Amino acid sequence: MSFPTSPIANSISITSVNPTYTSVTHSLKRQVRTRGGQRWQIEASYPPLNRTDFAPLWAFAQKQKGQFGSFSYTPPVYSNSSGTATGTLLVNNSGGYVAGTSTITADGLTGTLKAGDFIKFAGHDKVYSVVADGSTSLIIEPPLNEAVADNEAITYNAVPFTMAFTSDTQNMTVGVNGFVNFSVKLIEVV
């Protein structure tokens, strides 16, 4: 199931959530370790909407049953590559790559993906961020959370995030002018 593409949010906030354990000793030395996970959180706010335009959003939110349902969400503003990339991008390694790998060799691309671009492998739901410009060697964060196969397709434009609502409650506000104010908070499901 996909999140409605209309109306379009007028602002999007994408946050990388990287949980860590941090402690500070009495001598103020800091010790940090990662919990080894990462997910994306997206907040989208909509302009004031009339009831007709708002209805598909509200109906979709109700069908999700709070945090229960998951769905595909493609951010309308930031989901395409900022580089010059064109072509069909494929993993290029005869043995594929195991979970935990951060550098992926790829082929089939003309141009470059830029640091900050999002990518997604066809074989699983996690979205990754490219952290250095590249076209045949892609450095990603977080490291792969699942193995990828040779010739597995990599999406770099209109990257769909697999998301769920962060709360069991969704709220709409109707002003005296009859327009509805609405925003959503979503968290990646992997």
Side-chain angles (χ1 to χ4, degrees), residues 1-3 12-25 29-44 67-166 184-190:
M1 180 177 297
S2 292
F3 196 88
I12 301 280
S13 170
I14 301 175
T15 304
S16 177
V17 180
N18 290 286
T20 57
Y21 293 114
T22 305
S23 61
V24 178
T25 66
K29 290 188 180 183
R30 180 176 167 262
Q31 296 178 348
V32 180
R33 64 184 172 146
T34 182
R35 291 176 57 191
Q38 186 276 348
R39 15 188 227 179
W40 301 105
Q41 182 175 315
I42 298 176
E43 294 183 35
Q67 299 175 71
F68 181 75
S70 62
F71 48 87
S72 177
Y73 179 78
T74 304
V77 178
Y78 199 78
S79 63
N80 289 337
S81 169
S82 63
T84 59
T86 60
T88 302
L89 186 59
L90 302 171
V91 173
N92 183 13
N93 184 355
S94 61
Y97 290 98
V98 297
T101 303
S102 292
T103 302
I104 308 297
T105 303
D107 61 3
L109 191 68
T110 302
T112 304
L113 292 175
K114 302 295 272 181
D117 286 347
F118 293 114
I119 62 170
K120 185 174 185 177
F121 297 91
H124 62 279
D125 289 333
K126 180 74 186 124
V127 172
Y128 301 90
S129 180
V130 176
V131 295
D133 295 357
S135 58
T136 58
S137 181
L138 303 176
I139 302 171
I140 61 169
E141 278 297 325
L144 289 173
N145 73 340
E146 292 184 31
V148 295
D150 185 35
N151 290 323
E152 189 169 320
I154 304 170
T155 301
Y156 58 91
N157 279 325
V159 177
F161 289 67
T162 302
M163 307 297 278
F165 286 109
T166 61
V184 294
K185 291 183 181 178
L186 312 174
I187 193 77
E188 186 178 30
V189 179
V190 291

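Side chains are part of it too, since the values below use all heavy atoms of this structure and drop only hydrogens, waters and symmetry mates. Since the model is a prediction, treat every value here as computed from it, not as a measurement.
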> Between Asp150 and Ser94, does a side-chain hydrogen bond (donor to acceptor under 3.5 Å, both in side chains) hold up when you go through it step by step?
Replying inline: CA-CA 5 Å; Asp150 185 35; Ser94 61; 6.0 Å; no
In the structure I gave you, are the side-chain heavy atoms of [X] and [Y] within less than 4.5 Å of one another anywhere?
| X | Y | answer |
| --- | --- | --- |
| Arg33 | Thr20 | no |
| Phe3 | Ser72 | no |
| Ile140 | Ile104 | yes |
| Phe121 | Val91 | yes |
| Tyr73 | Pro76 | yes |

>> If we check side chain to side chain contact (heavy atoms under 4.5 Å, CB included) with Met163, which of these qualifies: Val189, Ile42, Val184, Asp125?
In response: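 That would be Ile42.
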>> Exactly one of Gln38, Arg39, Lys126 should register a side chain to side chain contact (heavy atoms under 4.5 Å, CB included) with Asn145. Which one does?
In response: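 One option only clears the test, and that one is Lys126.
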> Do the rings of Trp40 and Phe118 sit parallel, tilted or perpendicular, given the 30° and 60° boundaries?
Replying inline: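 If you compare the ring of Trp40 with that of Phe118, the planes turn out perpendicular.
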> In terms of the angle between their ring planes, are Tyr128 and His124 parallel, tilted or perpendicular, with boundaries placed at 30° and 60°?
Replying inline: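 Correct class here is perpendicular.
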>> Evaluate Phe71 against Phe165 for ring-ring contact (aromatic ring centres under 6.0 Å, His included), listing each step before the verdict.
In response: CA-CA 9 Å; Phe71 48 87; Phe165 286 109; 5.5 Å; yes
>> Could you go through Ser82 and Asp117, starting from their C-alpha distance and side-chain angles, then the distance that decides it, and tell me whether this counts as side-chain hydrogen bond (donor to acceptor under 3.5 Å, both in side chains)?
In response: CA-CA 7 Å; Ser82 63; Asp117 286 347; 3.0 Å; yes
> Which is it for Ser16 and Asn18 under the side-chain hydrogen bond (donor to acceptor under 3.5 Å, both in side chains) test, yes or no, and what are the steps along the way?
Replying inline: CA-CA 6 Å; Ser16 177; Asn18 290 286; 3.0 Å; yes
